[in-house]
Amino acid sequence: MGTGGSFLHNPEDDDILGKDLDGSSRGVIKRIPIEIRPRGRLGLKSGSSRKGPKGGSLSSALSVEIENTEVERIRKEFEMYRINKDNEMANMSRKEQQLIRENKKLKAELVVLQKTCTNLRGERDMSLEAEQHALIRAATFEDERGKLQRNFKIFRETMERELQNILREKRRLENKLAKIALGYSIEDVDAQSRQEFDENSNNNPGEWWPNMDGEPSLSSTMQLQQPSPRLPEFVHSMVEPEGMFTNVNKEDWSTVLSNLSQNLPSVPEHSLSPVLRIYISAPRDTHTEVEILIKDYYPRLQAMCETEGRSLVMTHLPYDDTSTVSQQFLWHQQISRKQQISKSCIFLAFLGDSTDKFTSLEYKIGYLDNPTAKSAIFCFRDVKGIKSGHSDAKDLKTKIREKKTAKIIDGYTSPSRGVEQASSEIEKILSTEIGLESRAEGEEEENEDDGPDQLCGGHVWDVQSDNEQLEAINLAKSSSCELGFERHYERLNGHVLSAGPLPPLLILGPPGCGRSLLLAKWIQLQQEKIPSSLLLYHFVGRESTVSADPIMMMRRLTAQLMQQLNSPPQLTSDPVRIVEEFPRWLERISSRTPGGAIVVLDSIDRFQVSSYISHLLNAHHLSVSDSILPHPLPVSLGKFFKKNRIVVDSSFAFKMVKRFIFDKYIVSACEDTCPQSWRSWPTVRVEPLSNKNVKELLHAELATLDASISSEEETSILTQCRTPSTCCSLYVMVLARHISGYTRFDSKPAKHLENLLTCTDCVSLYCKVLDVIRYSLESHENRGHLKMILRFIYVSRCGLRESELLDLMPNLSSNFLTLFTEILFHHLIIKYQGGLLMFAHQQMEKAALEYCFGKEEAKLIPQYRQNLIQYFSNSLSPGKTSCRVSDELPWLLRQTQEKEELQQCLLNLCVFQRLYSRGRCPEILSYWQFVAADKNTMAQLYFNATRKMEEMVGQYGGLITLERIADLYDSLGHFLKDLGQLNQAVSALQKALEIRETTLHPDHPIVARTHHILAGLYAQWGKFSTAEDFYKQALALYENEYGMDHPLVATELEALAQLYQRQDRHDQADPLKKRSVNIRKKQKSPKVTPMQTQAKTVVQRRALQLEELALGPDSPDNARILNELGVLYYLQNDFETAESFFKRALEMRESTLGPDHLDLAQSLNNLAALYNDRKQFNKAEPLYERALDIKTKYLSTNHESVASIINHLAMLYRKQGKFDKALPLYKQAVEIREKTFGSYHPSVATALVNLAVLYSQQNKYAEAEPMYDRALKIYDESLGPQHPRVAETLRNLAVMKYEMKDFEAAAKLYKKATEITENETTYGGKALSIQSSSGESTLKNMMNS
């Protein structure tokens, strides 16, 4: 044990042990007590005596003791330090081990978390995939449910038809038993039944191919007993190249008139234009007559034209011989006169005893060169003692009188008397031109066109839009630029003839490269090559116009498709229904057209989408291109749409887009604005012109303008045209047009050309040309007029008329405007379209913005728009509101953001009626959405506006009458009905009915029409009992007014029968349908639609014009006119008049051309077709034979004209039972078509079916069956197994099998044909070819299916 002193604290130890010794316990080293033994005495041992060392002293002993003590202390301190460090290292080691263990634990946890995250990601992907599969299954289930519903409907209708057939057969047998009971023999009863069947089967002897809307089906085995199958031989009856109506083999009236709306080669362009022009030729001494005409008679004539939606323009270009003018001015005057005369429909001339510098030129262009081109009126003043110095006037009068085809007012003494007579003749011509004369003749005879489906003003389609499309394509056709188009034609033809699912063919190129021109030229060639093809086209103009509205485009094309039916339904104006029905109509018509439909859309990148249309398309999950264009199909669905051109890339595709059948689809777009998604389509790039092409185009354009350039100038131009912006067609043509003007009169053309060639693109070139024109033509009196004209055209929506510019610019003279516009037209700056002046190209529009509204003048745009708004607002009163006001004013107000003024404009019922009567329902809704008004608010505002107008009856000079108020309520009811606002539509129509019953007699036909409209609305609403009552009232009114056999009675019977069918009351519907059919048979003319009526009116006007022209001695020209007259009367079903004209044309051609001229064959063929249609086969046969003999002398046997006559002569022989004569001709027809179209063309199959039917009629079944089998193979490969022609061929084959007593095979074939016919009503995909891969015949596969 140690002593207590050994535990004493030494402060120095703190330096060694640290601060933990003070009791803080932060360290790990603790103080350890050390036991120190007590020291003994120096030199002595404990418990014994000991002697000290020798020689030692006390001091040395003390020093040793002291040294040992210090060492011990140090040793102890070191020991303690060492121990503390060891403890510290042990603790650090333990900490390290603990951290290592924690690190391993964390790593393990991280691995687990990573695995968990991977699993969660996998589960998420699986969930998303499962969701996609669920959506696909849901869409598939929805589609299958629709298919099941349609199949069930088809099954139910089939069972109902079979039940009706059984009931009819039961009644027939009961009647037969009753007759046998009365003593008739079985043979007599059977003969009588066969006779009745033969009569029923020959109701339409001229139709050997079913109409699209009324195809009869063999729904019972009894119908297989018909004596002869139906032949499709007229399907490919094609007119000859001389013109659409020149060589007639009459087929279907609807087809003829629908084609008339697309192409009118024999009708002058002014018959389609909304502007009628009269050119007045009057020397200086007859200016008095012109002043009297314009002042006293022009307003009345203009008002007469405006009542029919047309405008009248009188053009007179006076010339002062006493003034000195430049040669350039004279050249411009000459060009202006030529253009104005070519655009006019009437050439009016006043002539006294003298002429001016241009009188002879005007007479030559206006009449002498082509006396039949337009109506001409010559007024010759009676002047005694004509001086010898003015012999030109006398010579002109003599030449006019010698022609004997113009209207001459000769010998008037006073100017007022001559103008009065001229005005009377002008009024007659204008009445014929606008249709007033023909309407007056038929005013007393009510027809079906005045029936229930007519809207206010009689318009159901926008005639002006169709005419604008015709003018647009005709303007492109007239261009001389066709460089390099041949190779593009081959690509377009290849796309049209290609098989399999393909996306649209995209024509792509920079601005001004000629995309529109390429499409127009190709359309022209396609119409000439295959006149019977279904070709739909749409050219988009300025982005603000109606042509850039996709909904209006779809409505216009739908109207053209509907004309392929004999009795199409009413064309809707509801945008939603248009979007839904357009693809269905296209599929329906395309599936029945040989080769499908060809759809051509130009500049689709310019389609503009308003807020309403955008909302509509978004509701269907569509973009603009989705609503119009197809897309490439996925691989899994490619086979499902074997013959279609469409792509399914959205949910809406499963519901609507897959119903498209675009067999041939061609579109164009500008390379700068084409979306990237379209660039994946097959593309034809219109590249910039090569140096060689620039040279050829330059010389071709200069040659047409009678101008030329030197080699140095040509080199300068070719040097400049090396960039893409200067190697485009537009740049070269604008340059050539301007060069043709200055090379005649400029003494320094090189300097002028050098100035033009500084332009690097079309926009700058246009600006330079405008500068040159302004400096060369503007004088002090008309300074600034050029910019004002271009500014007004730029700020307008569609362009402006000349009369509107004259009203907007009071200081502008008509003579200067005419000269100015013709110069601008010559330089490709403006164009005439739809009677309006508009920019000729999109590049020119950009140039106008830069030239007329620069940075400093941009603020003038709102000012000019306000001027237009004020001008059109002055025409909002009743009787003054024209289509131009409704087109321009609402659009201008929207551009200026004036919502209140826009709402007031829309509530003007004249504007509303003008817009809605032309199908502009989407435009109306777009405007109302802009002013933030929903449909209910809009309907209520229109009701209030109509009530206010009703209170104004008798005002505005008696223009507001109760009849007009009823028409407004009627229009409002139609409008709301289209929008689905049935409750409000009923209120409007009921109000119209009340007014008409009050103002008119309650039994008036117009009251019956209102009953019909209300009945249709209630039927649409599902209130069938109320609809039935209204239909019966309308039927009773029509029967009382027109008798029991009027077409309107048939219409009501059909509507009532359809109502009964919707309620499954077939026993009541059948008698009504039979009665309606009997009434239709008694009609003189087939039923035509309002659109076809419009085309028919054009035909009638042309016939009246030709009658006036076909005067004078016998000549080939007059024979041609007589032949055309016969065709036009034939199309109107006036056979007696047509026969007289055909005979007269035949006689005249024989006397003037000889007995073997090719034109004589044309007249023989037309007269034979007329006799054939009237069943006068004995008269038609020698004419056909003689026509065939003549044509085989001049044409090859493979010519389409020869093939057409062979086909019709064979058909004629067959009808007469002359099978021996018909057989070689039918065989020859097969050979010709094989050589012309190839062995696998549908036309060859048609000829084979015709031959097979002829064999069957001769009981040569062994020869007929291979023909049928081969025809079915061709139809299957070219048209698809579900095509109507396959069904018709199967029916014919079933008839043959039935006659061969092979009843089992006949039943199978008939069942297959019935399935195809029933599947036509659905909108699913087409099945794949039924031809097996083993090469077995199609017929055997069908028999075994």
Side-chain angles (χ1 to χ4, degrees), residues 273-280 294 298-299 302 305-306 310-318 332 335-336 339-340 343-344 464 468 471 541-542 544-545 770 773-774 777-779 781-840 844-845 847-849 851-853 857 860-875 880 882-889 891-892 895:
S273 174
V275 177
L276 301 175
R277 300 176 182 272
I278 301 176
Y279 184 85
I280 305 175
I294 294 177
Y298 173 68
Q302 185 180 30
C305 295
E306 288 181 349
R310 312 281 289 272
S311 63
L312 180 65
V313 175
M314 287 188 176
T315 303
H316 176 227
L317 301 178
H332 286 314
I335 294 297
S336 299
Q339 293 294 333
Q340 290 294 325
K343 291 184 295 185
S344 64
Q464 183 178 356
E468 288 177 357
E471 289 185 358
R542 198 173 179 182
S544 59
T545 59
L770 288 173
I773 294 175
R774 183 164 64 93
L777 292 182
E778 283 190 351
S779 60
E781 294 79 9
N782 49 45
R783 189 173 304 279
H785 283 176
L786 173 62
K787 280 193 173 183
M788 289 185 67
I789 292 173
L790 297 179
R791 285 170 180 169
F792 275 121
I793 294 176
Y794 181 85
V795 300
S796 66
R797 180 187 186 184
C798 310
L800 294 172
R801 292 177 177 172
E802 295 101 316
S803 58
E804 294 168 350
L805 284 172
L806 291 173
D807 294 337
L808 289 166
M809 301 170 62
N811 297 328
L812 181 64
S813 65
S814 60
N815 191 14
F816 177 79
L817 176 62
T818 301
L819 177 62
F820 225 36
T821 53
E822 290 302 331
I823 293 174
L824 297 179
F825 177 81
H826 173 75
H827 287 84
L828 301 180
I829 294 174
I830 64 172
K831 64 180 178 180
Y832 292 94
Q833 184 170 318
L836 302 175
L837 295 173
M838 59 183 67
F839 294 123
M844 176 55 217
E845 188 173 350
L849 177 62
Y851 184 76
C852 301
F853 300 102
E857 299 175 323
L860 294 177
I861 294 180
Q863 177 184 341
Y864 274 83
R865 280 182 176 156
Q866 286 297 332
N867 292 340
L868 286 179
I869 290 174
Q870 183 178 359
Y871 172 75
F872 287 113
S873 298
N874 295 332
S875 302
K880 295 184 178 180
S882 62
C883 294
R884 288 286 301 136
V885 177
S886 62
D887 285 343
E888 292 286 343
L889 186 56
W891 182 85
L892 289 168
Q895 297 302 310

Minimal heavy-atom distance between H785 and L812, with the atoms involved, is ND1-CD1, 3.6 Å

*Mutual orientation of the aromatic rings belonging to F792 and Y864 [parallel < 30°, tilted 30-60°, perpendicular > 60°]*: perpendicular

| Can you check whether L824 reaches L837 side chain to side chain, under 4.5 Å on heavy atoms? | no

Exercise for the section: Just do the side chain to side chain contact (heavy atoms under 4.5 Å, CB included) check on R865 and I861 with the steps written out, would you? Expected result: CA-CA 6 Å; R865 280 182 176 156; I861 294 180; 4.0 Å; yes

R791 side-chain N/O to C852 backbone N/O, donor-acceptor pair under 3.5 Å:
yes

Go through it in stages, so that I can follow the logic: the residues are L317 and L819, the test is side chain to side chain contact (heavy atoms under 4.5 Å, CB included), and I'd like the CA-CA distance, side-chain angles, deciding distance and then a yes or no.
CA-CA 9 Å; L317 301 178; L819 177 62; over 6 Å; no

Smallest heavy-atom separation, Y298 atom then V313 atom, equals OH-CA, 4.3 Å

In terms of heavy-atom contacts, V885 and F872 come closest through CG1-O, 3.8 Å

Taken to the nearest 0.5 Å, the spacing of N874 CG from D807 CG works out to 10.0 Å

Note: C798 and T545 closest approach over all heavy atoms is CA-CG2, 4.0 Å

- prompt: With a 4.5 Å limit on heavy-atom distance, are the side chains of L800 and L868 in contact?
  reply: yes

| said: I want to check something: taking the side chain as every heavy atom from C-beta on, are T821 and I789 in contact at a cut-off of under 4.5 Å? | reply: no

The reported gap from CH2 in W891 to CG in D887 (rounded to nearest 0.5 angstrom) is 11.5 Å

Residues L312 and C305: closest non-hydrogen pair is CB-SG, 4.1 Å

- Query: Mind checking whether M788 and L808 have side chains closer than 4.5 Å, heavy atoms only?
  - Reply: no

To the nearest 0.5 Å, atom OG of S311 lies from atom CD of E802 at 8.5 Å

Taking every heavy atom of L836 against every heavy atom of R801, the minimum-distance pair comes out as CD2-CG, 3.4 Å

CG (L805) and CZ (F820) are apart, to the nearest 0.5 Å, by 12.0 Å

Only one of R797, Q833, E845 passes side chain to side chain contact (heavy atoms under 4.5 Å, CB included) with R542, and that residue is E845

Separation between CD (Q340) and CD1 (I278), nearest 0.5 Å, reads 12.5 Å

So OG1 of T818 and CD1 of I823: to nearest 0.5 Å the spacing works out to 11.0 Å

Requested in this report: Measure the acute angle between the ring planes of F825 and Y832, then classify it against the limits of 30° and 60° as parallel, tilted or perpendicular.
Outcome: tilted

